Amino acid sequence: MNQPMITLSFSAPSLSLGKFLIPRLRALPQPHTVAQFSPLHKNFPLLSSINHRKPTLQIVAAASSPSSLAMDSSASTEIAHDHSPFLKIYKDGRIERIAGIEIVPPSLDSKTGVESKDVVISPETGVSARLYIPKTTKESQKKLPLLVYFHGGGFCIETAFSPQYHNYLNSFVAEANVVAVSVEYRRAPEHPVPIAYDDSWAALKWVASHTDGKGPDEWLKNHADFESVFFAGDSAGANVAHHMGLRVGLEGLAGVKLGGIVLVHPYFWGKEPIGGEDTDAEKRGKVEALWRFTCPATSGADDPYINPGTDPKLGSLGCKRVLICVAEKDMLKDRGWYYSELLGKSGYTGVVEVMEAKGEDHVFHLMNSTCDNSVALLKRIVSFINQGQA
């Protein structure tokens, strides 16, 4: 005999399930993802995803006795994986993203005059992007350098639509006078690494489809100079930018000339400590645990995905210039310096620059964009991109 089912649907601005806040995706054209969870297997929740055109979540539950409801309530508060300050996974399969859940719509920024819009790159996967153009495009037909940006967040939080990234790209596009594409890749644990790399490569191929006046987006066709393309990202996004630069060198990207990559506080790691890195086994274990959580098929902290020092293809980076930005108090600082050394030993023939911000910590420029060091960082990256521009 079938049990009665209870179905709840909503499309309100937001709904809080315990501490899991699901924001309404205002003004976003791409499908968003509602995760469905299977039972835990080998201490890792297996997840599948469904793409929906409308921001609607459906919860289906069988009618239960009071005793079983009490048991379910107890189980719902038990944590299976705690990866604070990023997220928590409960034993009932719920994901509580602690940070990086706020989003803002595209806009015409009143302060900078930069205009943005969202585009769907792949309806099948939900991969999308936020595009930015400076106000100068209304005054001139000159093609501008193209920046492709990959957001950070440990591969598991933040989006291209997060307020700090939206504000940062507005400021950057205005200062550098470039066109920008901020990639929205799928995140772990619902979509484990290397899916973020695959999504980012799909986005780059979509960008490349606009060369020679082709492709679906008028902004890219009319305003982007595909002979002057740069990749950039912070933290996990810098990791992605590195891998995309490497893939361009190995496979090519038809119609696109990659001028350089900018890695801001890159998320690299390794089993053995280097430089002044913390040697505490417990602290290092937490970093590796987060990596294994986002990339469950990994070989560990020396996987080439996270440790470029183990990648024999490192010298194939597909650009002639690299800018690495590190922060003095960032636990990942030494990995950034080490990356520059590795490039020198790999056979890479390009120019590598390193900028260190004194007294600052990880992604400080997103937390306080107006401080002196943030302004200096922005100007250094802008100078790097505009070097040699007429």
Side-chain angles (χ1 to χ4, degrees), residues 25-30 103-121 127-151 159-184 203-234 237 241 253 255-262 264 365-366 369-370 374-375 377-390:
L25 303 185
R26 294 173 295 172
L28 300 185
Q30 85 285 2
I103 59 174
V104 293
S107 63
L108 175 59
D109 186 57
S110 59
K111 182 178 179 181
T112 62
V114 171
E115 187 175 357
S116 57
K117 67 177 180 180
D118 295 333
V119 298
V120 177
I121 291 173
V127 176
S128 58
R130 179 160 291 179
L131 274 57
Y132 298 80
I133 54 172
K135 63 181 179 181
T136 57
T137 56
K138 297 179 175 62
E139 306 160 0
S140 171
Q141 295 302 309
K142 178 185 175 182
K143 296 295 182 73
L144 303 175
L146 175 62
L147 173 71
V148 182
Y149 194 87
F150 306 96
H151 71 82
T159 82
F161 316 121
S162 298
Q164 61 265 39
Y165 288 108
H166 181 71
N167 294 335
Y168 179 72
L169 266 298
N170 277 333
S171 297
F172 190 94
V173 166
E175 181 74 19
N177 196 33
V178 298
V179 175
V181 176
S182 183
V183 177
E184 174 69 352
L204 290 176
K205 290 200 292 186
W206 177 83
V207 167
S209 73
H210 293 81
T211 58
D212 298 324
K214 301 175 183 176
D217 188 79
E218 294 298 321
W219 285 8
L220 293 182
K221 286 193 292 185
N222 295 335
H223 304 300
D225 180 1
F226 294 97
E227 292 292 310
S228 183
V229 177
F230 293 83
F231 300 164
D234 64 280
L253 192 61
V256 169
K257 182 178 179 180
L258 182 61
I261 61 173
V262 180
V264 180
H365 62 297
L366 297 177
S369 62
T370 60
S374 293
V375 173
L377 176 61
L378 178 65
K379 289 186 178 298
R380 179 66 179 274
I381 300 173
V382 168
S383 175
F384 177 84
I385 288 177
N386 284 332
Q387 182 178 323
Q389 298 292 326

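The structure presented is a predicted model; accordingly, all values stated were derived computationally and were not measured.
- For the residue pair Pro145 and Asn386, the shortest heavy atom distance occurs at CG-OD1, 4.3 Å.
- For the side chain to side chain donor-acceptor pair (under 3.5 Å) test, residues two or more places apart in sequence or in another chain that qualify with Thr370 are Asn368.
- Considering all non-hydrogen atoms of both residues, Leu144 and Val178 come closest at CB-CA, 4.3 Å.
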- Item | Val148 vs Leu204, side chain to side chain contact (heavy atoms under 4.5 Å, CB included): CA-CA, chis, key distance, verdict | CA-CA 8 Å; Val148 182; Leu204 290 176; 3.7 Å; yes
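- The list of salt bridge (charged side-chain N to carboxylate O under 4.0 Å, His left out) pairs with a residue in residues 159-176, not counting sequence neighbours, reads Glu175-Lys379.
- Closest non-hydrogen pair, Ala174 versus Thr112, comes out as CB-CB, 3.7 Å.
- In this structure, OG in Ser369 is found 14.0 Å from CZ in Phe172, a value given to the nearest 0.5 Å.
- By the side chain to side chain donor-acceptor pair (under 3.5 Å) test, Lys143 pairs with no residue at all, sequence neighbours left out.
- With sequence neighbours left out, the side chain to side chain donor-acceptor pair (under 3.5 Å) criterion links Thr136 to Asn177.
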- Message: Please determine whether side chain to side chain contact (heavy atoms under 4.5 Å, CB included) holds for the pair Trp206 and Val119, giving the CA-CA distance in whole Å, both sets of side-chain angles, and the decisive distance to 0.1 Å.
- Response: CA-CA 11 Å; Trp206 177 83; Val119 298; 3.7 Å; yes
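- Put simply, the side chain of Ser383 never gets that close to the backbone of Arg380: no donor and acceptor are under 3.5 Å apart.
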- Would you check, one step at a time, whether the test side chain to side chain contact (heavy atoms under 4.5 Å, CB included) holds for Val114 with Ile133? CA-CA 6 Å; Val114 171; Ile133 54 172; over 6 Å; no
Could you list the donor-acceptor pairs under 3.5 angstrom formed between side-chain atoms of residues 223-234 and any protein atom two or more places apart in sequence or on another chain?
from   : atom 1 : to     : atom 2 : distance (Å)
Asp225 : OD1    : Glu227 : N      : 2.9
Ser228 : OG     : Gln389 : NE2    : 2.8
Asp234 : OD1    : Tyr149 : OH     : 2.6
Asp234 : OD1    : Tyr165 : OH     : 3.2
Asp234 : OD2    : Tyr165 : OH     : 2.7

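- Within the model, atoms CG of Leu253 and OG1 of Thr211 stand 8.5 Å from one another, a figure rounded to the nearest 0.5 Å.
- Of all heavy-atom pairs spanning Val173 and Ala180, the tightest one is CG2-CB, 3.6 Å.
- With Thr137 contributing its side chain and Pro134 its backbone, the two residues share a donor-acceptor pair below 3.5 Å.
- Residues passing the side-chain contact (heavy atoms from CB on, under 4.5 Å) test with Ala203 are Ile121, Val183, sequence neighbours excluded.
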Using residues 215-222 as the side-chain source, report each donor-acceptor pair under 3.5 Å to any protein atom, sequence neighbours left out, with the distance given to one decimal.
from   : atom 1 : to     : atom 2 : distance (Å)
Asp217 : OD1    : Lys117 : NZ     : 2.8
Asp217 : OD2    : Trp219 : N      : 3.0
Asp217 : OD2    : Leu220 : N      : 3.1
Glu218 : OE2    : Lys221 : NZ     : 3.1
Lys221 : NZ     : Gly215 : O      : 3.2
Asn222 : ND2    : Glu218 : O      : 3.2

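- One finds the NE2 atom of His365 at 5.5 Å from the CG atom of Leu377 (value rounded to the nearest 0.5 Å).
- Residues meeting the side-chain contact (heavy atoms from CB on, under 4.5 Å) test with Lys214, sequence neighbours left out: Asp212.
- Lys111 is linked by a salt bridge (charged side-chain N to carboxylate O under 4.0 Å, His left out) to nothing, counting only residues two or more places apart in sequence or in another chain.
- Scored by the ring pair (Phe, Tyr, Trp, His ring centres under 6.0 Å) test, Tyr132 finds His166 as partners (sequence neighbours excluded).
- Lys135 pairs by the side-chain contact (heavy atoms from CB on, under 4.5 Å) definition with nothing, not counting sequence neighbours.
- Note that CG of Leu131 is 9.0 Å distant from OG of Ser116, once rounded to the nearest 0.5 Å.
- Applying the side-chain contact (heavy atoms from CB on, under 4.5 Å) criterion to Thr159, with sequence neighbours excluded, gives Ile103, Phe161, Ser162, Glu184, Arg187.
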